*Asks:* 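I have a structure I would like to understand better, so I am pasting it below and will then ask my questions one at a time.
Owing to the predicted nature of the structure, the values given are computational and were not obtained by experimental measurement.
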Amino acid sequence: MHIHHDWTGLPASACGTTVAMGNFDGVHKGHRAVIDCARKAMDAPLGVITFEPHPREFFSPDAPPFRLMNPQARANRLRRLGVEHLFELPFGPVMAGLTPEGFAREVLRDGLGVAHVCVGQDFRFGKDRAGDAAMLSALGSTFGFGVTIAPLAGTDGREFSSTAIRQALTDGRTRDAEQMLGHWHRIEGEVLHGAKRGRELGYPTANMSVAGLHLPRLGVYAVIADVLDGPHKGSWPGVASLGVRPMFGENQPNLETHLFGFDGDLYGSHLSVALIEFLRPEAHFDSVGALVTQMDRDSAQARAILSAQ
């Protein structure tokens with residue numbers, strides 16, 4: 001997959017694509033329906049147009065983190081779906097100031113040279129969100145590209161939405177989130193150096209930042225961890241703690257993952273950790289011994305859950 005970070009100066013091979021357009025936070029089943037719409041629209045390279053930073057982050061920079069995935073995780077998911085070109089367009093004052101007509105002309109026609117665009121029924125674009133899917137269709141006729149409006153996808157009368165997925169994760173309902181996502185919710189990032197307490201307790205962990213992401217319910221999870229690069233590339237079952245480590249007086253949330261049966265150095269590697277099932281909330285223990293006993297229980301419970309997957 002080729003990733004492009006602007007709408008100007010693109011190689012000829014990036015033009016003439018059939019694209020799905022949106023923010024695609026989570027790449028849930030509704031997003032996949034729009035991508036499949038673009039895939040079926042015509043015989044052309046498949047692309048996705050999205051925006052970085054997320055427009056919501058641009059307009060409300062001080063709002064609490066809401067993203068389900070960082071840009072790398074989104075790109076990894078789109079790659080798995082067969083996307084050939086990811087247009088990760090910079091969202092700033094220039095983009096925010098374009099009228100719907102200006103966006104269609106300058107970005108879609110003159111910049112990206114798209115052949116066809118697919119959007120969801122609720123898509124909005126242009127300055128002050130003045131453009132909708134119907135307007136995009138009309139502008140496509142004017143500027144020479146096709147437009148298909150995909151119906152909103154859902155089940156049991158409810159639409160698949162990033163908002164509903166965030167709430168499921170906040171509640172610790174990982175399997176409900178998976179039903180809407182079409183895949184396990186994953187936290188991806190680089191393995192960072194930590195205090196190395198886990199190693200001293202017999203549970204070495206891979207530590208990852210969760211900065212900028214919507215936080216699922218804090219606590220302990222059964223997980224499947226994929227090492228995405230390096231000499232240890234592969235997949236391991238494990239148990240992870242998402243939180244602030246109250247036993248040790250920490251206050252910055254992070255994710256600490258213990259991989260069952262793994263022996264090696266993961267610092268600097270990129271991990272993708274799938275949250276399979278919530279086991280218990282964070283807790284403060286009276287002693288290190290009590291903490292280790294609970295970690296033994298957590299590991300046994302996680303192994304049992306993962307072996308039944």
*Asks:* Parallel, tilted or perpendicular: which describes the rings of F58 and F91, with under 30° parallel and over 60° perpendicular?
*Replies:*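 Taking F91 first and then F58, their aromatic rings stand perpendicular (interplane angle over 60°).
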
*Asks:* Mind jotting down which residue pairs meet the side-chain hydrogen bond (donor to acceptor under 3.5 Å, both in side chains) criterion with at least one end in residues 293-302? Sequence neighbours excluded, please.
*Replies:*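 Pairs touching residues 293-302 that pass the test: Y203-D296, R280-D298, Q294-R297, Q294-D298.
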
*Asks:* Roughly how far, to the nearest 0.5 Å, is the OG1 atom of T17 from the CG atom of L86?
*Replies:*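 Answer for the CG-OG1 pair, L86 versus T17, is 11.0 Å.
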
*Asks:* Linking I/L/V/M/F/W/Y whenever any side-chain heavy atoms sit under 4.5 Å apart, do L139 and F87 land together?
*Replies:*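 Yes.
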
*Asks:* Are P204 and F262 side-chain neighbours, meaning at least one heavy-atom pair lies under 4.5 Å?
*Replies:*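 A side-chain contact under 4.5 Å is absent here.
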
*Asks:* Which atom names give the shortest non-hydrogen contact between L181 and G26, and what distance separates them?
*Replies:*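 So the minimum-distance heavy-atom pair works out to CD2-O, 3.4 Å.
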
*Asks:* Under 4.5 Å between any side-chain heavy atoms of T174 and I276, yes or no?
*Replies:*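 Answer no - side chains too far apart.
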
*Asks:* Within the side chain of S60, is there an N or O that forms a donor-acceptor pair under 3.5 Å with the backbone of D62?
*Replies:*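 Checking the backbone N and O of D62 against the side chain of S60, no donor-acceptor pair under 3.5 Å is found.
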
*Asks:* Under the side chain to side chain contact (heavy atoms under 4.5 Å, CB included) rule, what do M208 and V273 come out as? Steps first, then yes or no, please.
*Replies:* CA-CA 10 Å; M208 297 162 60; V273 180; 3.8 Å; yes

*Asks:* Taking all non-hydrogen atoms of both residues, which atom of S161 and which atom of A164 are closest, and how far apart?
*Replies:*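 Looks like OG-N, 3.0 Å.
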
*Asks:* Quick one: are L271 and I187 in side-chain contact, heavy atoms under 4.5 Å?
*Replies:*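 Side chain of L271 against side chain of I187, heavy atoms only: no contact under 4.5 Å found.
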
*Asks:* Keeping the roles fixed (side chain from D265, backbone from Y267), state whether a donor-acceptor pair exists under 3.5 Å.
*Replies:*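 The answer is yes, because a donor-acceptor pair under 3.5 Å joins these two groups.
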
*Asks:* Which other residues end up in the same hydrophobic cluster as L228, if Ile, Leu, Val, Met, Phe, Trp and Tyr are linked when side-chain heavy atoms come under 4.5 Å apart?
*Replies:*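 L228 shares its hydrophobic cluster with no other residue.
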
*Asks:* Taking atom types as modelled and ignoring hydrogens, do the side chains of D171 and Q167 form a donor-acceptor contact shorter than 3.5 angstrom?
*Replies:*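 Distance-only check passes for D171 and Q167.
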
*Asks:* Please report the closest heavy-atom contact between A222 and L279, naming both atoms and the distance.
*Replies:*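 Distance-wise, the nearest heavy atoms are N-CG, 3.8 Å.
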
*Asks:* Is it true that V83 and L112 fall in one hydrophobic cluster, defined by side-chain heavy atoms closer than 4.5 Å?
*Replies:*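 As far as the 4.5 Å side-chain criterion goes, L112 and V83 are not connected within one cluster.
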
*Asks:* Applying side chain to side chain contact (heavy atoms under 4.5 Å, CB included) to V239 and Y221, what does each step give before you reach the verdict?
*Replies:* CA-CA 6 Å; V239 63; Y221 290 82; over 6 Å; no

*Asks:* Under the 4.5 Å side-chain heavy-atom rule for ILVMFWY, direct or indirect, which residues accompany L152?
*Replies:*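 Hydrophobic cluster check, L152: no partners found.
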
*Asks:* Look at the side-chain heavy atoms of Ile, Leu, Val, Met, Phe, Trp and Tyr, link any pair under 4.5 Å apart, and say whether V223 and F278 land in one connected group.
*Replies:*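 Yes; F278 is reachable from V223 via cluster members.
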
*Asks:* Answer whether the closest heavy-atom distance between the side chains of E190 and S269 falls below 4.5 Å.
*Replies:*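 Contact flag for E190/S269 side chains = no.
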
*Asks:* Which heavy-atom pair separates L46 from G82 by the least distance, and what is that distance?
*Replies:*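 Minimum heavy-atom contact is CD2-O, 3.9 Å.
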
*Asks:* How many angstroms lie between CZ in R32 and CZ in R39, if you round to the nearest 0.5 Å?
*Replies:*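 Going from CZ on R32 over to CZ on R39, the span is 9.0 Å.
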
*Asks:* Is it possible for you to say whether V19 and V34 belong to one hydrophobic cluster, with membership spreading through side-chain heavy-atom contacts below 4.5 Å?
*Replies:*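 No, it is not one cluster - the side chains of V19 and V34 are not joined through contacts under 4.5 Å.
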
*Asks:* Can you sort out the partners of A133 under side-chain contact (heavy atoms from CB on, under 4.5 Å), two or more places apart, ordered by chain and number?
*Replies:*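 With neighbours one apart ignored, the set is V119, I149.
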
*Asks:* Might you point out which heavy atoms bring P216 and L242 nearest each other, and give the distance in Å?
*Replies:*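 It is CD-CD2, 3.7 Å.
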
*Asks:* Could you tell me whether D226 and R186 make a salt bridge, using a distance below 4.0 angstrom between a side-chain N and a carboxylate O?
*Replies:*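 R186 and D226: salt-bridged.
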
*Asks:* Test H4 against L89 for side chain to side chain contact (heavy atoms under 4.5 Å, CB included), laying out the working first.
*Replies:* CA-CA 8 Å; H4 312 280; L89 303 185; over 6 Å; no

*Asks:* Hey, quick one: are F51 and L98 part of the same hydrophobic cluster, counting side-chain heavy atoms closer than 4.5 Å, chains of contacts allowed?
*Replies:*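 Result: yes, single cluster for both.
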
*Asks:* Which pairs pass salt bridge (charged side-chain N to carboxylate O under 4.0 Å, His left out) with one or both residues in residues 69-97, sequence neighbours excluded?
*Replies:*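 Applying salt bridge (charged side-chain N to carboxylate O under 4.0 Å, His left out) to every pair that reaches into residues 69-97, excluding sequence neighbours, yields E52-R74, R74-E88.
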
*Asks:* Taking the six-membered ring for Trp, are H54 and F66 closer than 6.0 Å centroid to centroid?
*Replies:*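 For H54 and F66, the ring centres are under 6.0 Å apart.
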
*Asks:* Do the side chains of F143 and L108 get nearer than 4.5 Å, heavy atoms only?
*Replies:*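 A side-chain contact is absent here, since even the closest heavy-atom pair is not under 4.5 Å.
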
*Asks:* Under the side-chain hydrogen bond (donor to acceptor under 3.5 Å, both in side chains) definition, can you give me all pairs with a residue in residues 18-29, not counting sequence neighbours?
*Replies:*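 Every side-chain hydrogen bond (donor to acceptor under 3.5 Å, both in side chains) pair that includes a residue of residues 18-29, provided the two are not neighbours, is D25-R166, H28-H31.
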
*Asks:* Quick check: do H214 and P65 have side-chain heavy atoms less than 4.5 Å from each other?
*Replies:*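 Heavy-atom side-chain distance check fails, nothing below 4.5 Å.
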
*Asks:* Show the numbers, then the answer: is there a side-chain hydrogen bond (donor to acceptor under 3.5 Å, both in side chains) between N70 and E188?
*Replies:* CA-CA 8 Å; N70 59 34; E188 296 191 15; over 6 Å; no

*Asks:* Taking only residues two or more places apart in sequence or in another chain, which ones pass ring-ring contact (aromatic ring centres under 6.0 Å, His included) with H183?
*Replies:*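 H183: no ring-ring contact (aromatic ring centres under 6.0 Å, His included) contacts found.
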
*Asks:* Strictly by side-chain hydrogen bond (donor to acceptor under 3.5 Å, both in side chains), give each pair with a member in residues 132-152 just once, sequence neighbours left out.
*Replies:*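 Checked against side-chain hydrogen bond (donor to acceptor under 3.5 Å, both in side chains) - neighbours excluded - the pairs reaching residues 132-152 are H116-T148.
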
*Asks:* For a 4.5 angstrom cut-off between non-hydrogen side-chain atoms, does V48 reach L81?
*Replies:*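 Sidechains of L81 and V48: no contact.
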
*Asks:* Suppose clustering is done on Ile, Leu, Val, Met, Phe, Trp and Tyr with side-chain heavy atoms closer than 4.5 Å. Which residues sit in the same group as L192?
*Replies:*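 So far as hydrophobic clustering goes, L192 is joined with none.
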
*Asks:* Please report the closest heavy-atom contact between H85 and P45, naming both atoms and the distance.
*Replies:*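 So the minimum-distance heavy-atom pair works out to CD2-CB, 4.2 Å.
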
*Asks:* Can you run down the disulfide (SG to SG under 2.5 Å) pairs that involve residues 103-173, sequence neighbours left out, and say none if there aren't any?
*Replies:*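 As it turns out, the disulfide (SG to SG under 2.5 Å) pairs with a partner in residues 103-173, which skip direct neighbours, are C37-C118.
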
*Asks:* To the nearest 0.5 Å, what is the distance between CZ (R217) and OG1 (T170)?
*Replies:*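 One gets 10.5 Å once the value is rounded to the nearest 0.5 Å.
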
*Asks:* Just jot down the ring-ring contact (aromatic ring centres under 6.0 Å, His included) partners of F123, sequence neighbours excluded, or say none.
*Replies:*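 Residues passing ring-ring contact (aromatic ring centres under 6.0 Å, His included) with F123: F125.
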
*Asks:* Distance from N207 atom CG to E256 atom CD, nearest 0.5 Å?
*Replies:*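 Here the interatomic distance stands at 4.5 Å.
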
*Asks:* Is atom NE2 of H2 surrounded by more than 12 heavy atoms (other residues, nucleotides or ligands) closer than 6.0 Å?
*Replies:*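 Open: at most 12 neighbouring heavy atoms sit under 6.0 Å from NE2 of H2.
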
*Asks:* Any side-chain heavy atom of P253 sitting closer than 4.5 Å to one from L215?
*Replies:*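 They are in contact (side-chain heavy atoms under 4.5 Å apart), so the answer is yes.
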
*Asks:* Only pairs at least two apart or in different chains count here, so list each side-chain hydrogen bond (donor to acceptor under 3.5 Å, both in side chains) that has a residue in residues 93-109.
*Replies:*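 Residue pairs with at least one partner in residues 93-109: there are none.
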
*Asks:* Tell me, with the steps shown, if F24 and I35 meet side chain to side chain contact (heavy atoms under 4.5 Å, CB included).
*Replies:* CA-CA 10 Å; F24 299 104; I35 294 168; 4.0 Å; yes

